[in-house]
Structure formats: structure tokens, C-alpha cells
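Computed from a prediction, not measured in an experiment: that's the story for all the values here. Order of the sequence lines sets the chain letters (A, B, ...), proteins ahead of strands, with each chain counted from 1.
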There are 2 protein chains.
Amino acid sequence: MRLSKRGEYGLRAMIILATPKDDGRPPIVQIKEISQREQIPAKFLEQILLALKNAGLLHSKMGVGGGYYLARPAKDISLGQIVRVLDGPLAPVKCVSQMAYEPCGCPDEETCGLRLVMGDVRNAISKLLDGTSLEDVTHRVDSVRGLLSA
Amino acid sequence: MRLSKRGEYGLRAMIILATPKDDGRPPIVQIKEISQREQIPAKFLEQILLALKNAGLLHSKMGVGGGYYLARPAKDISLGQIVRVLDGPLAPVKCVSQMAYEPCGCPDEETCGLRLVMGDVRNAISKLLDGTSLEDVTHRVDSVRGLLSA
DNA sequence: TATAAAGTCTATAATACAAGTAGACTTTTG
DNA sequence: CAAAAGTCTACTTGTATTATAGACTTTATA
């Protein structure tokens, strides 16, 4: 049930891009900066951000002073969207996938025990990842920070 | 978030082994029969069942009339135990794993947004897989069968 | 007691995928 | 024009997954 490095790095990058600057607006950040802050190989991160851009979750600006920024407000980007772009379907087995269904070959899918349980797992993961936005994450980090400093 | 074939095959096999025969007792079944019923390469299944045996979840009997059978009542074997033996930790990232924790390298784990969310995901998966026994699965299959035939 | 039916164990092959690296190209600003 | 940025595609490398092979042990029973 592992998240790939690709998925992990992408989520980390998106969280950075969703974290407001002092003026309260989401920042525009360069690959290099993210790669340094999160210890991610720059060339690998490049591919990841490109994929997120092509999926419509990020926009970018070329040239001096350019970088990446969120294509939509942080509250309108869910972690599920990000993970699906980078790691594919959330479902543990294809036969319970909403976005990439494939039969699993069991004689009768309706009464397949594995399928019943994995359907639940898929739903639980989806409920969490599709139900959590980048804004939810940054707010939660803020509130933990608050508790720690208090 | 994929379950490996190894994990999938193992779960399927365990569910078969947990399904009571007409006399109400869990059966003893040969590799060959499971592999035919579930379309699993026999030699691959062999390794999987051996691993489950070495982990203490299955017992076996050699020789004519032998086969594999559950080491404990089906209600005392959780899906989580099976998956952990075959696929390793449930956690999406190691830094939220209970059984195989490793730091993920972020500057401060306490305020890492990714970690907060993935912790939730781990807990949700664990709640489902550790909270569901093989007996729960076979009962659930029975009840679906009942609904369909009614 | 021989034979066949079963599991045991270890090695290895074949693939697929993940992770990372490279480099040439384009766009933008100053 | 030069420097700073992203774009695109190909390639390499390492590792894990999936599967196959084969020689071995144990047990029932004819």
C-alpha cells in the first residue's frame, strides 16, 4: 500500500505551493527552491511538476522570475487529484477502481470476498484523499504549529 | 496504493481456506485446487502459502490427503495480518508506519503536512484490514449470496 | 515396501517499474 | 544578447514483482 516517491514528492511540492506567503497569497516558486527545501532531485521534480501542469493542477511562468503556481485556489485542489495524476488510481485492486476499472478474473465479482473488502478500502482512502484539500493541509499544519508554540 | 499480486493471491487463498465445508468446519485444501479455482500459477502460490505458514497463519499436512488449513479459527485471523506478511507495512509512507517506522527526512516531522494526512490514511486502512477477520469476509459473502438468490 | 500425492526449499529467469540523470530546446525579462 | 527559468524526450540504473524450475521430504495406502 505504498505511495511512490513520485507521489510523495509531488504532494510535498504542492503543499509548498499552497502555503500562503506573508501577504496571504499563494506563491510562485521555482523548481530549484522546492528541490532544495525538500531534498528532492531537481531533475526528477521537474518531471513531476510538468505532469501536474499537464494535468491542469499547476500553471507555470517561463523566464526570469518565473516558476510554478497553483492553477486554482488551494481549497479547490484535493490530494486525491494529485495522487491520481502521479500514482494512478487509488484502488488497491483494479476491479474496485472507479477511474480505471478492470475485471479481476474471479468467477463472480458480486460475491467475491476480496472485492467487497477492497471496495471498502478504496472508499476509505478516497474519502480521505478526495475529501482533503491543499488548504485543509496548510490549515492543519498551522494549527499544529500553534499548539506547539503555545 | 496498489496491492501486489502476491497479496491478492494470498488473500484469495486464505478466504478459500476460511470458507467452511458443508459440515461447517474449515477445510484442508491442496495448492493445486486453489490454483485452479482462482487461476493462480501453482508454483507462485506455493511460495505464498509457504510464507503464510512460516508466519504462523497456516498449518500444513504433507503426503497423500494433505494440504493447507488455517492455523487458527477464521475469526482470529485478520486481513491486516495477511497483507503485512505478504506485502509489508500498511502505511503509505514509512514515517507513519507502526511496524516499520523510518524518518522521512522532512525538517520537522511534527509539522509535516504530508505526514499528518498519510497518518490518517494509514489509520483508516488499518482500521479496516485489522478490523476485518476472515470470518467477517465469508459471512459477508454469504449474506450477499442470500440477497442475490432471494 | 513401493508408489504416488502432497508439501518444502532454494535458485534463477524474465519483466516491469521506479527513481534518477542527461541534454538539447524554448520562453521571458532586463 | 545573456541569464533565468520552464519544456520535452530519451536513457540508464537499480530493484522489486512475478513467475518458473527442479531436486528434496513426508505420508498414506495398495
Side-chain angles (χ1 to χ4, degrees), chain A residues 1-13 17 27-36 38-71 83 85-89 92-94 100 104-105, chain B residues 1-13 17 27-36 38-71 83 85-89 92-94 100 104-105:
Chain A
M1 304 300 215
R2 283 287 300 288
L3 180 71
S4 72
K5 285 291 174 190
R6 194 174 144 88
E8 179 189 328
Y9 293 163
L11 284 170
R12 286 187 192 284
L17 289 165
I28 179 165
V29 188
Q30 295 77 41
I31 292 177
K32 204 170 92 181
E33 185 182 335
I34 300 177
S35 100
Q36 283 169 356
E38 297 283 336
Q39 307 269 62
I40 302 171
K43 277 297 197 178
F44 191 20
L45 181 60
E46 188 182 298
Q47 294 174 44
I48 295 167
L49 296 182
L50 203 50
L52 291 168
K53 181 197 160 147
N54 291 332
L57 300 183
L58 287 180
H59 285 164
S60 63
K61 201 182 150 203
M62 275 189 172
V64 179
Y68 283 94
Y69 55 99
L70 298 186
V83 170
V85 167
L86 298 174
D87 271 24
V93 291
K94 295 193 211 87
C104 50
Chain B
M1 304 302 215
R2 282 289 298 289
L3 181 71
S4 72
K5 285 291 174 191
R6 193 174 146 88
E8 179 188 328
Y9 293 163
L11 284 170
R12 286 187 192 286
L17 289 164
I28 180 166
V29 189
Q30 295 77 41
I31 291 176
K32 203 171 94 181
E33 184 182 335
I34 300 178
S35 102
Q36 282 169 357
E38 297 284 335
Q39 306 270 61
I40 302 172
K43 276 296 194 178
F44 191 20
L45 181 60
E46 189 183 296
Q47 294 173 45
I48 294 167
L49 296 183
L50 204 50
L52 290 168
K53 181 197 159 144
N54 291 333
L57 300 182
L58 287 180
H59 285 166
S60 64
K61 200 182 151 202
M62 275 188 170
V64 178
Y68 282 95
Y69 55 99
L70 299 186
V83 171
V85 167
L86 298 174
D87 271 23
V93 291
K94 294 192 211 90
C104 51

Review point. Under 4.0 angstrom, heavy atoms only, what part of the nucleic acid is A/K61 near: base, sugar-phosphate, or nothing?
Key: sugar-phosphate
**Request:** Determine the contact category for A/L49: base if any of its heavy atoms lies under 4.0 Å from a base atom, sugar-phosphate if only primed atoms, P, OP1 or OP2 are that close, otherwise nothing.
**Result:** nothing
Roughly, in whole Å, what's the span from [atom1] in [X] to [atom2] in [N]?
{"X": "A/K5", "N": "C/dT21", "atom1": "NZ", "atom2": "C1'", "answer": "18 Å"}
{"X": "B/Q39", "N": "D/dT18", "atom1": "CD", "atom2": "C1'", "answer": "16 Å"}
{"X": "A/I48", "N": "C/dA18", "atom1": "CD1", "atom2": "C1'", "answer": "11 Å"}
{"X": "B/L86", "N": "D/dT18", "atom1": "CG", "atom2": "C1'", "answer": "14 Å"}
{"X": "B/M62", "N": "D/dA28", "atom1": "CE", "atom2": "C1'", "answer": "14 Å"}
{"X": "B/K53", "N": "D/dT26", "atom1": "NZ", "atom2": "C1'", "answer": "11 Å"}
{"X": "A/F44", "N": "C/dC17", "atom1": "CZ", "atom2": "C1'", "answer": "11 Å"}
{"X": "A/Q47", "N": "D/dT9", "atom1": "CD", "atom2": "C1'", "answer": "9 Å"}

For [N], does either OP1 or OP2 sit under 4.0 Å from a side-chain N or O belonging to [X]?
{"X": "A/S60", "N": "D/dA5", "result": "no"}
{"X": "B/Y69", "N": "C/dA6", "result": "no"}
{"X": "A/Y9", "N": "C/dA18", "result": "no"}

Exercise. Is a donor on one side and an acceptor on the other found under 3.5 Å between the side chain of B/Q30 and the backbone of B/G66?
Worked result: yes
Comparing A/S4 with A/K43, nearest DNA chain C nucleotide closer to 5' gives the residue A/S4
Comparing nearest nucleotides in DNA chain C, the 5'-proximal residue of the pair B/L50, A/P41 is B/L50
For a 4.5 angstrom cut-off between non-hydrogen side-chain atoms, does B/C104 reach A/R12?
yes
Less than 4.5 Å apart, any side-chain heavy atom of B/Y69 and any of B/V29? no
Of the listed D/dT7, D/dA28, C/dT28, the closest approach to the A/E46 side chain comes from D/dT7
With B/Y9 as partner, the option from B/L86, B/I48, B/L49 fulfilling side-chain contact (heavy atoms from CB on, under 4.5 Å) is B/I48
Between A/L17 and the options A/L57, A/L70, A/I28, the side-chain contact (heavy atoms from CB on, under 4.5 Å) test singles out A/L70
